[in-house]
Amino acid sequence: MKKITGKSSIEINKCNITDKHRHVNPDNDEKRISKVLSVLENTYPEATTALHFENPFQLLIATILAAQCTDKRVNQVTERLFKKYKSPEDFARADLYELQEDIKECGLFRNKSKNIIEASRELVGKYGGEVPADFEKLIKLPGVGRKTANVILANAFGIPAFAVDTHVFRLARRLGFSDKEDVLGVERDLMEKVPRELWIKAHHWLIYHGRRVCRAINPKCTECPLKDFCPSVKVS
C-alpha cells in the first residue's frame, strides 16, 4: 500500500480531465454509483487485502511497513520477520538497530522500526498485548493513522470501515464518488455514498481496479468495464 503524504502526492494522482469528458447526468448519480459498484463486484469478486497476516497484530505491523512500499515487498519482509519476532512482546524487546536492518527493504525503516517497537510496547503495557478493535485507541498508537486504523478494523476484525490509500483516493475522484481534495473528505463521501455493508469490499474493489486498469498514469479507459458510467472516461 502506498501512502498519501501531502499535497504533492495528491497532485500526482489528480485526473487531468477536461469538461468535454464529463458526460454523466448528476441527477442520475445515485443509480450510476450503484451500477459502478455492481460492475466492480462482478469484475473483482475475490478482491481482498494483499497483505499476508495471521492475526490483528501481524496486520498492524504489515500495514505500518506498507507505507510508501508495495504489498509484495512487505510480504517478502514479513515472511521472515514474523518467524523472528512472534509476538508484541518480542517486538517490544527488539533492538532498534537490528530491527532497522530486518525491515530495511521496506523503506523509511528508521521511523517504521521506532514506531513498531513503541506501538508494541503500548500494546503490551495498555492492552495485554492485544490489538484493540477501536478506532480511537488504534490511532493513538505510534505509526497508526486513519488509513492504518481502518485497514485493521476492516480486515482483522470485520468492522465496516473505509480506508483511503492513493488508489482509493484517485478512483473516488475519477469515478465521481467525491470531489474533495483531502483524504478525510474523500473518506466521508465514500462512507455516505457507498452502502455500509459494502465498505470493506468496495475498498478492495477500488484498489484492484486502480492497480489493473485505472492507473495514475495512462489509465486503460478503452478497456475499462466502467467506461459507460465514469464521468472522467477518455474514450473516443
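Computation of the quantities below employed the complete heavy-atom set of this structure, encompassing side-chain atoms and omitting hydrogens, waters and symmetry-equivalent molecules.
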Contact check, side chains of [X] and [Y], non-hydrogen atoms, under 4.5 Å:
| X | Y | result |
| --- | --- | --- |
| Leu190 | Phe169 | no |
| Lys220 | Lys227 | no |
| Thr70 | Val74 | no |
| Leu37 | Glu41 | no |

Are [X] and [Y] connected, step by step, through hydrophobic side chains (Ile, Leu, Val, Met, Phe, Trp, Tyr) whose heavy atoms are closer than 4.5 Å?
| X | Y | value |
| --- | --- | --- |
| Leu198 | Leu226 | yes |
| Leu123 | Phe82 | yes |
| Leu108 | Leu99 | no |
| Phe157 | Leu59 | yes |

I need the [X] [atom1] to [Y] [atom2] distance, nearest 0.5 Å.
| X | Y | atom1 | atom2 | value |
| --- | --- | --- | --- | --- |
| Arg173 | Ser178 | CZ | OG | 7.0 Å |
| Ile152 | Ile139 | CD1 | CD1 | 11.5 Å |
| Gln58 | Tyr85 | CD | OH | 14.5 Å |
| Met191 | Glu187 | CE | CD | 6.0 Å |
| Phe177 | Leu171 | CZ | CG | 9.0 Å |
| Ile116 | Ile64 | CD1 | CD1 | 5.5 Å |

Do other residues, nucleotides or ligands put more than 12 heavy atoms under 6.0 Å from the [atom1] atom of [X]?
| X | atom1 | value |
| --- | --- | --- |
| Glu130 | CD | no |
| Lys193 | NZ | yes |
| Glu54 | CD | no |
| Lys180 | NZ | yes |
| Glu79 | CD | no |
| Asn218 | CG | no |

Any chance the rings of His209 and Tyr44 have centres within less than 6.0 Å? yes
Phe91 ring center near Phe57 ring center (under 6.0 Å): yes
Looking at every heavy atom in both [X] and [Y], which two are closest together, and how far apart are they?
| X | Y | answer |
| --- | --- | --- |
| Gly185 | Asp182 | N-OD2, 2.7 Å |
| Val144 | Ala149 | CG1-N, 3.9 Å |
| Arg170 | His167 | NH2-ND1, 3.0 Å |

Determine, for [X] against [Y], whether the closest basic-nitrogen to carboxylate-oxygen distance falls under 4.0 angstrom.
| X | Y | result |
| --- | --- | --- |
| Arg121 | Glu118 | no |
| Glu122 | Lys137 | no |
| Asp134 | Lys140 | no |

Please answer whether the main-chain N or O of [Y] pairs with a side-chain N or O of [X] as donor and acceptor at a distance below 3.5 Å.
| X | Y | answer |
| --- | --- | --- |
| Lys112 | Leu65 | yes |
| Arg73 | Cys106 | no |
| Asp71 | Leu51 | no |
| Thr43 | Val39 | yes |

